[in-house]
Amino acid sequence: MNEDYLKGLNPVQYNAVTKIDGPVLVIAGPGSGKTRVLTYRIAHLVNSGVAPWEILALTFTNKAAKEMKERIGKVAGDKANQIWAGTFHAIFARILRAEATKIGFPSDFSIYDPSDVKSCIAEIVKGQGFDPKAYGVSDIYHRISMAKNCLISPRDYAADAERLLDDKQANMPYVYKIYDLYIKKLQRSGAMDFDDLLFQMHRLLKENPDNVVEKYRKKFKYLLVDEFQDTNSLQYGIIQLLVKYPGSPQNICVVGDDAQSIYAFRGATIQNILDFEKDYPNLQVFKLEQNYRSTNYIVQAANDVISHNKKQIRKKIYTEKGEGEQIKVIRAVSDNEEARMVASMIAELKLRHRMKNEDFAILYRVNAQSRVFEESLKGHRIAYRIYGGLSFYERKEIKDLIGYLRVIVNPKDEEALKRIVNYPTRGIGDASLSKLSLAAEVNAIPLWEVLKKAVSFDNSISTRAAKSIQEFVMLIETFQRWLQTEDAYEMAKKAAKLSGILDDLAKDKTPEGQGRIENVQELLDGIKSFVEEDTIGELQTEVQDKTLSSYLQNIALVTDSDKDEDDNDRVKLMSVHAAKGLEFKAVFITGMEENLFPSLMALKSKDSRAAIDEERRLFYVAITRAEQHLVLTYASSRYRFGKMQYNNSSRFLEEISSDCMEIKSNNETAKVGGMKLPSQIKMPLKTTSSQAPIQIKVSPVHLIIPGAKVLHERFGEGKVMNVEGAPDNKIASIFFGGDIGEKRIMLKFAKLQVL
DNA sequence: GCGTATTCCATTTTT
DNA sequence: TGGAATACGC
């Protein structure tokens, strides 16, 4: 057995990898080799004789799953493909596909994306005659989603005094009613939303038809969960059902970092980590605290910031990467200036440190901030790529074609049906459609069934409309017959042509119109590669069949960000959330302002303490993305929603001890030592000596002794007060002039010249 | 029934 | 600011 992979591990990592039996909790600080531990652990399981298909590894993102599989492949070879590794959603969708009929869903169930969900809820609100102003669709969706994620059924909801009161205060007392109707409507439509992939999975295991739970308990002998801090109660519940039962070996390993929990807003709770210790008494805990990513100033800043959060598991990350460069804080007068300064700093760093575009990331709190950076980067001719925003699959023409495919596979899919029934326009207007929707609602049957016999449900339908509906039904039924013989690609090609989508798009001769045709073509190409190479985007899938149904199930859970296009040597722009799990040589965290980071939403939420703590963890995540260079920027004024807004600098800036930072404004630099960082807009500018690095002739370490006068490349002249530490890792306390004061400096990294 | 003009509206993060 | 719902004219 080749166990070379064990050699490069530090002692804690080694234990976390090799203690394979029983429950294990790994607390993994940022950059501590978490993925390494996880993948080596899986490789180690396989090498220890565990069959790969007995291993279930759950992640949050497709990207993480992909990376994990690739890295396992490198250590464990082909067997990696047989491991059940994927996102919670994808894995459970796969299981549900096999078991759905046991809980009253078709195995070809549709997966509703958030926009489907919203339109579905909107229809219910309308049908019930609730005031759409009071009943904001997104708000209702959020409440329903939270309920599901807390394992609250519609019946529980109706009996939950706290929820009812909260709904009442939000001026929407009938959310519980909408929830109930929504669930029923989904069931009628043979559809599940994202939350249902968890909720129904839990239901399946809990209600346990045909003792299905035993099947999966037997199958999955070893369970691993990544990003455990981001799991919600529902996910925890599923895990419990799979692992905690009489006689269970409880071979579960969860890996997470409470300090990086940034998804509480959608139900994640670090309570799961705390509960885990209670629920598994013989738990083994390993803490990975050594950071292999960042230099010391960055690590220290991260520790400083997170120490302001009360509720956390005790740990402190450290690094041996050396002191590194100080963190730069930059104030700009406007968002535009902020963008210009960031772009020119990138240009400068590229020159000075021979860095490439791909070494840089610009991070922001909200995607809307990306725009100004686009312009400034263009101005400097710096290649960039924006992550997030409107995804490929959210484009209208793509959704339209996928709408056809969904209806063909599952005609009960009402959201898809409504989208395409009159696109391209074929004379089935709103009037007819709302009559028929009503009939479907009243009779509690799928809209499709009503369409098939439209006139018998409502004889006020015009003959013209009735004829069009008839033709539409026949079109879909023709497609459905082909389903028996054709693969996904053939089906999609036929659908694009015969539906009239391609002809309709061809009418538009503008460049945008051409682009839409190209997009459809791209989708078709994607389906082709699914059929021929088992891929979805860039993701390798282990699909069972090449049917359209199988394709749709896979595609629903893949987003744009999963296919890494030609991001060769481009500066990456993304939200802090999107940056989680990534690392860059240089990171710019922008918009460090009150009301933006922390966000206004957090500040005015009803538990603002908890919300700000989450923002702080988000900031912690952002800081710890940086390997060598970290720049924090803020703007005194910025455009938001078409209006000029004036904000103070973020409270988070003040939480970083000032000796980690260097403060800059409009190219004039100022040192701040010991005093609080000015948070007002009118920040007093401390203009002192020039900050160009001083040319140093580095003196050997043994010459640096107490009393010596030394010159530091950035702090200037100072006097050595004290030297301590091991001979190969001496730390000197040096007193510098000006307002720098005394600093502790690791001699093996500092550039000092004895005078 | 259809396409365009206008007004309005809400603005976070994502599987 | 810009996307989406509504109003209006054909």
Side-chain angles (χ1 to χ4, degrees), chain A residues 58-65 86-93 111-115 117-119 122 126 132-133 136-139 141-142 145 148-149 192-199 226-227 230-232 234-235 261-268 335 363-369 371-372 387-391 393-394 396 422-434 461-462 464-465 468 507 556-562 574-581 591 595-605 611 614-615 617-619 621-622 638-645:
Chain A
L58 297 168
T59 65
F60 267 81
T61 64
N62 292 307
K63 206 196 281 164
T87 64
F88 280 90
H89 297 262
I91 295 283
F92 295 160
I111 298 175
Y112 276 8
D113 69 23
S115 74
V117 172
K118 282 180 193 165
S119 107
K126 207 170 149 197
K133 274 193 183 124
V137 168
S138 303
D139 202 346
Y141 182 15
H142 184 241
S145 175
K148 283 185 184 170
N149 288 328
M192 298 193 197
D193 63 21
F194 285 153
D195 299 320
D196 279 332
L197 296 174
L198 311 177
F199 194 73
D226 191 16
E227 307 282 15
D230 288 334
T231 53
N232 58 40
L234 180 48
Q235 285 157 326
S261 158
I262 56 174
Y263 286 110
F265 72 93
R266 61 179 200 206
D335 47 357
L363 307 184
Y364 32 73
R365 182 64 181 80
V366 298
N367 287 121
Q369 286 170 256
R371 185 170 253 151
V372 281
Y387 293 76
L390 190 67
S391 96
Y393 299 103
E394 280 166 354
K396 183 181 179 303
N422 198 34
Y423 177 79
T425 51
R426 51 171 67 88
I428 306 170
D430 289 346
S432 307
L433 208 57
S434 56
I461 301 283
S462 74
R464 249 180 68 190
S468 302
K507 280 190 231 154
L557 300 168
V558 175
T559 52
D560 247 13
S561 47
D562 297 325
M574 65 184 84
S575 69
V576 180
H577 282 90
K580 186 164 172 210
N595 302 328
L596 187 58
F597 202 176
S599 78
L600 185 64
M601 291 289 191
L603 294 174
K604 68 175 188 190
S605 85
E614 173 144 319
E615 296 281 310
R617 292 192 293 270
L618 192 56
F619 186 42
V621 167
R638 73 170 61 240
Y639 268 109
R640 245 185 139 185
F641 319 133
K643 278 203 188 81
M644 188 67 95
Q645 223 176 55

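In what follows, chains carry the letters A, B, and so on, assigned in the order in which the sequence lines appear, proteins first and then strands, with residues in each chain numbered from 1. Owing to the predicted nature of the structure, the values given are computational and were not obtained by experimental measurement.
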What pairs of nitrogen or oxygen atoms, one from the protein and one from nucleotides 6-12 of chain B, lie under 3.5 Å apart?
residue : atom : partner  : partner atom : Å
B/dT12  : O2   : A/Arg365 : NH1          : 3.4
B/dT12  : O2   : A/Arg365 : NH2          : 2.6

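Side-chain atoms of A/Ser468 come within 3.5 Å of backbone N or O of A/Arg464 as a donor-acceptor pair. Of the possible donor and acceptor atoms, none in the side chain of A/Asp196 sits under 3.5 Å from a partner among the backbone N and O of A/Phe199. A/Asn422 places a side-chain N or O within 3.5 Å of a backbone atom of A/Arg426 that can act as its donor or acceptor partner. Judged purely by atom type and a 3.5 angstrom limit, A/Tyr364 uses its side chain to pair as donor or acceptor with the backbone of A/Met574.
Among the protein residues, A/Phe194 comes within range of the nucleic acid bases, having at least one heavy atom under 4.0 Å from a base atom. No contact: A/Gly136 has no heavy atom under 4.0 Å from any strand.
Toward the 5′ end of DNA chain B lies the nearest nucleotide of A/Arg426, the other residue of the pair A/Phe60 and A/Arg426 mapping further downstream. Map A/Leu618 and A/Ser462 each onto its nearest nucleotide of DNA chain B; the residue landing nearer the 5' end is A/Ser462.
Distance, A/Phe88 CZ to B/dT14 P: 18 Å, rounded to whole Å. Atom CZ of A/Arg464 and atom C1' of B/dC2 are 11 Å apart (whole Å). The distance from atom CD1 of A/Ile111 to atom P of B/dT15 is 14 Å, rounded to the nearest whole Å. Nucleotide B/dT15 holds its P atom 18 Å from the CG atom of A/Asp196, rounded to whole Å. Between the CG atom of A/Asn149 and the P atom of B/dT14 there is a distance of 16 Å, rounded to whole Å. Between the CD1 atom of A/Ile91 and the C1' atom of B/dT15 there is a distance of 13 Å, rounded to whole Å. Rounded to an integer number of Å, the gap from A/Asn62 CG to B/dT14 P is 14 Å. Atom CZ in A/Phe619 sits about 17 Å away from atom C1' in B/dT13, given to the nearest Å.
In this structure, A/Leu58 and A/Thr231 have side chains that are not in contact, with every pair of non-hydrogen atoms separated by 4.5 Å or more.
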With side-chain contact (heavy atoms from CB on, under 4.5 Å) as the test, would you mind laying out the steps for A/Val372 and A/Arg638 before giving the verdict? CA-CA 10 Å; A/Val372 281; A/Arg638 73 170 61 240; 5.6 Å; no
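One finds no side-chain N or O of A/Thr61 lying less than 4.0 angstrom from the OP1 or OP2 phosphate oxygen of B/dT14. Distances shorter than 4.0 Å separate some side-chain N or O of A/Asn422 from OP1 or OP2 on B/dC2.
Residue A/Tyr263 has its side chain nearest to B/dT14 when only B/dT14, B/dC2, B/dG1 are considered.
In summary, contact between chain A and DNA chain C, defined as any nucleotide atom under 4.0 Å from a heavy atom of the protein, begins and ends at C/dT1 to C/dG2 in the 5' to 3' direction.
Look at the C1' atom in both C/dA4 and B/dT13: the space between them is 22 Å, to the nearest Å.
By the 30° and 60° cut-offs, the orientation of the rings of A/Phe265 relative to A/His577 is perpendicular.
For A/Thr87 against A/Thr61, the heavy-atom pair with the smallest separation is CG2-C, 3.3 Å.
Taking the ring pair (Phe, Tyr, Trp, His ring centres under 6.0 Å) definition, one finds that A/Phe60 meets it with A/Phe88, sequence neighbours left out.
With A/Asp230 as reference, A/Lys580 is the one residue of A/Arg266, A/Lys580, A/Gln235 to meet the side chain to side chain donor-acceptor pair (under 3.5 Å) rule.
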